Trainee: 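First the structure, then my questions, so here it is.
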2 protein chains.
Amino acid sequence: MSATLSDVAARAGVSISAASRVLSRAPSTRVRPETRDRIETAARDLGYRPNFAGRALKLARSDVLAMIVPDLTNPLNSELLRGVDEAATQNDYLMLLGRSEDVGGAMIGRLIGEGRVDGILLQTGDDTRPEDVRELLGQRAPVIFINSVEAGHAGSVTLPNAAAAAVATRHLLQLGHTKIALVGGLPSVFTSADRESGYRAAMADAEVAVRGPWLTRLGYTAEQGRRGLRRLWRLKRRPTGVVVGNLNAAIGVLAEARAIGVAVPDELSVVALHDAWTAEQTAPALTCVRMPMYDLGRTGVELLLDKLRGTDVGNVMINSEPELVVRHSTAPAADRDFVTSKE
Amino acid sequence: MSATLSDVAARAGVSISAASRVLSRAPSTRVRPETRDRIETAARDLGYRPNFAGRALKLARSDVLAMIVPDLTNPLNSELLRGVDEAATQNDYLMLLGRSEDVGGAMIGRLIGEGRVDGILLQTGDDTRPEDVRELLGQRAPVIFINSVEAGHAGSVTLPNAAAAAVATRHLLQLGHTKIALVGGLPSVFTSADRESGYRAAMADAEVAVRGPWLTRLGYTAEQGRRGLRRLWRLKRRPTGVVVGNLNAAIGVLAEARAIGVAVPDELSVVALHDAWTAEQTAPALTCVRMPMYDLGRTGVELLLDKLRGTDVGNVMINSEPELVVRHSTAPAADRDFVTSKE
DNA sequence: ATGAAAGCGCTAACAC
DNA sequence: GTGTTAGCGCTTTCAT
């Protein structure tokens, strides 16, 4: 065991409470400079670290935030986790990671019930059961939803989902495409509707018709993306461009395109929402709309800390404009001999 | 705050210690069935959860294990994390995730110094500084190295790196290739040498010459894989097959091959170490050697728990045979009109 | 400016 | 079989 406060106090020749004041509290506490010095020196010599159990027991808080995501090893979450981690660290909190599939399970129950975490950032996944979420909300730790919302729950941060889908759609429109499909997420997932509405809005703005069969809502995984493209290619009237609601699904779309002999971008332009290193390594490299994931994480932490302090929190949308990253999976429409002036 | 032990005791009409005995200890403690019943009922009614700070303070342990990896969102780690998590949960431990880039930093120091974790599973990365690792080992939490070793340190689990590289190499040899290159990891990384030796052993067994320029040691990222292939393709004598030490690097190799006009597998066969969903989505889909990542995680936890109990632990290698997963990035050598009988 | 002491929730001797 | 009690390390009134 490392040195305790009483070790430090003994070495500095002061009382435990004096040592505590100097070592833990805001520098506001007035104490004779010489005493402060002795205490700080003793602490340094002994390599003193406050025992967190003692602290947590006394203060009834753990200084830990839990970030719960559907898939820890999804590269799309990389920036999100970095944002959360940095914001947490700056506020002297630790970030604990969990999977949303565990939400109904024992592990998350332990985290909260045993007082191991002070608050929770929750990103639900395709498989998260609503009743588990409601149970979670019934416990005593405040929850902030990340890129998802729960009716009647105060505290969420969302991405500019509609705006991002619109950026992607406009990119294809500007390349001269009019037959534009959407390979979207499951209808049950919060972001799906938003992204679809952004797509519809951009199409409407351009006065281009949306055809029902060109919308698929199969999910955000690569395999589901493949299925989406297969379904589109079974159609008599096929699109020349497709907006894919998620990068991983787009990777599947590309793989399936190759498998069934669809040339990208010559025959089909593909643009995806989200960006990550994997997008640069596909064949062809994927044109993407980058999402403000880092800000999403930071803002989530700020909201959670507000809630912890008792401040009223609302539902905020990150409003930085999603950025188009043009790579090689999109090209001017082949069935037109002109393109818009923008391109 | 939720119910405490004394709430439960009061409601059951027993002493706190009776409640503690019944609720926390092995069922061995003898107590009148009726009393046990009353206590358990009271606990259930009150939704009692042991406060972990009180428990940790008393027992001087936290029941938390930290798993530290270079990159949380690397899909290659998915199975590893699952293995660690499951084994930890089964032993009533919680898994806390950290990044190895933080090893020298404040965060990991807090985890250990403040007694927040009982032990550590550490997978070092390209950027982990040896002096930071040594400092970590100097602290009071036991450490088990995951697929890496530290000289003189008891406790590590490693993958069958050499065996996997040999499996990959033999696959190419059996397809008739003799001009086989290795796109490997950084020389400073533990696994690099092992994988290289497996490659060399397989080549030697087949009495096929290894040419120096065909070995690159640039690293395990996609970008480093791309650079590896570029370097190989600058050669006058080019290989017809390449073993890539890491799946992510192989994804880069494929991307670069396409970029510079190398046909895979017709002109170049590519086989990668490790497997993940990303390997099924490349063009062409990657032939891989699957590694026992799940077992790696489980075994790491078991070793760590042994060490926690004071048992002597050694350095174990997971010995399940790495499994070849043939997809479409490898094909018979084009410069031979015969193949071995095996294929 | 500094110290004494209580108590956060829990477990483990020890007494009965 | 059950209760009493001390104490883990810390913060925080309250005295001095």
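Given the structure is predicted, the values throughout are model-derived calculations rather than measurements. Naming convention: chains lettered A, B, ... in sequence-line order (proteins, then strands); numbering from 1 in each chain.
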Trainee: Under 4.0 Å between a side-chain N or O of Arg21(B) and OP1 or OP2 of dT11(C)?
Mentor: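 No, outside the criterion.
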Trainee: Roughly how many Å is it from CD1 in Ile39(A) to C1' in dT11(D), rounded to a whole number?
Mentor: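 Taking atom C1' of dT11(D) as the reference, CD1 of Ile39(A) is at 14 Å.
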Trainee: Can you figure out which of dG1(D), dC10(C), dT11(D) approaches the side chain of Leu5(A) most closely?
Mentor: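 Among dG1(D), dC10(C), dT11(D), the one nearest the side chain of Leu5(A) is dT11(D).
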Trainee: In this structure, how many angstroms lie between the P atom of dT2(C) and the CG atom of Asp37(A), rounded?
Mentor: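 Checked: the CG to P distance equals 12 Å.
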Trainee: Grab the two heavy atoms, one from Leu303(A) and one from Gly314(A), that are nearest each other, plus how far apart they are.
Mentor: CD2-O, 3.8 Å
Trainee: Quick one: on DNA chain C, does Lys58(A) or Tyr48(B) contact a more 5' nucleotide (nearest heavy atom)?
Mentor: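 Its nearest nucleotide being more 5', the pick is Lys58(A).
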Trainee: Measure the distance from CG on Asp63(A) to C1' on dC10(D) and round it to the nearest whole Å.
Mentor: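 It is 13 Å, rounded to the nearest whole Å.
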Trainee: Roughly, in whole Å, what's the span from CD in Glu114(A) to P in dT11(C)?
Mentor: 11 Å
Trainee: Return the value, rounded to whole Å, for the distance between atom CZ of Arg55(A) and atom P of dT12(D).
Mentor: 8 Å
Trainee: Quick check: does any side chain N or O of Arg82(B) sit under 3.5 Å from a backbone N or O of Tyr294(B), one acting as donor and the other as acceptor?
Mentor: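 No; zero donor-acceptor contacts below 3.5 Å.
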Trainee: If we check side-chain hydrogen bond (donor to acceptor under 3.5 Å, both in side chains) with Asn147(A), which of these qualifies: Thr158(A), Thr191(A), Asn161(A)?
Mentor: Asn161(A)
Trainee: Compare side-chain N and O positions of Ser17(B) against OP1 and OP2 of dG3(D) and report whether any pair is under 4.0 Å apart.
Mentor: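 Result: no.
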Trainee: Is any side-chain N or O of Ser20(B) closer than 4.0 Å to OP1 or OP2 of dC10(C)?
Mentor: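 Answer no for this pair, as no side-chain N or O of Ser20(B) is under 4.0 Å from OP1 or OP2.
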Trainee: For the side chain of Leu59(B), starting at C-beta, report the closest nucleotide among dT2(D), dT2(C), dT11(C).
Mentor: dT11(C)
Trainee: Taking the nucleotide of DNA chain D with the closest heavy atom to each, which residue, Ala18(A) or Thr35(B), is nearer the 5' end?
Mentor: Thr35(B)
Trainee: Can you measure Arg61(A) atom CZ to dG9(C) atom P for me and round it to whole angstrom units?
Mentor: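 In whole Å, dG9(C) P lies 15 Å from Arg61(A) CZ.
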Trainee: Please check this pair: side chain of Asn77(A) against backbone of Asp71(A), looking for a donor-acceptor N/O pair closer than 3.5 Å.
Mentor: yes
Trainee: Rounded to the nearest Å, what distance is computed from the CD1 atom of residue Ile16(A) to the P atom of nucleotide dC14(D)?
Mentor: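 Atom-to-atom, Ile16(A) to dC14(D), this comes out as 20 Å.
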Trainee: Measure the distance from CG on Asp7(A) to P on dC8(D) and round it to the nearest whole Å.
Mentor: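 About 11 Å, once rounded to whole Å.
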Trainee: Measure from the side-chain N and O atoms of Ser20(A) to the backbone N and O of Ala18(A), and report whether any donor-acceptor pair falls under 3.5 Å.
Mentor: no
Trainee: What does Arg49(A) touch in the nucleic acid at a heavy-atom separation under 4.0 angstrom: a base, only the sugar-phosphate, or nothing?
Mentor: sugar-phosphate
Trainee: Can you check whether Ser15(B) has a side-chain N or O nearer than 4.0 Å to OP1 or OP2 of dG3(D)?
Mentor: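 Yes, because at least one side-chain N or O of Ser15(B) sits under 4.0 Å from OP1 or OP2 of dG3(D).
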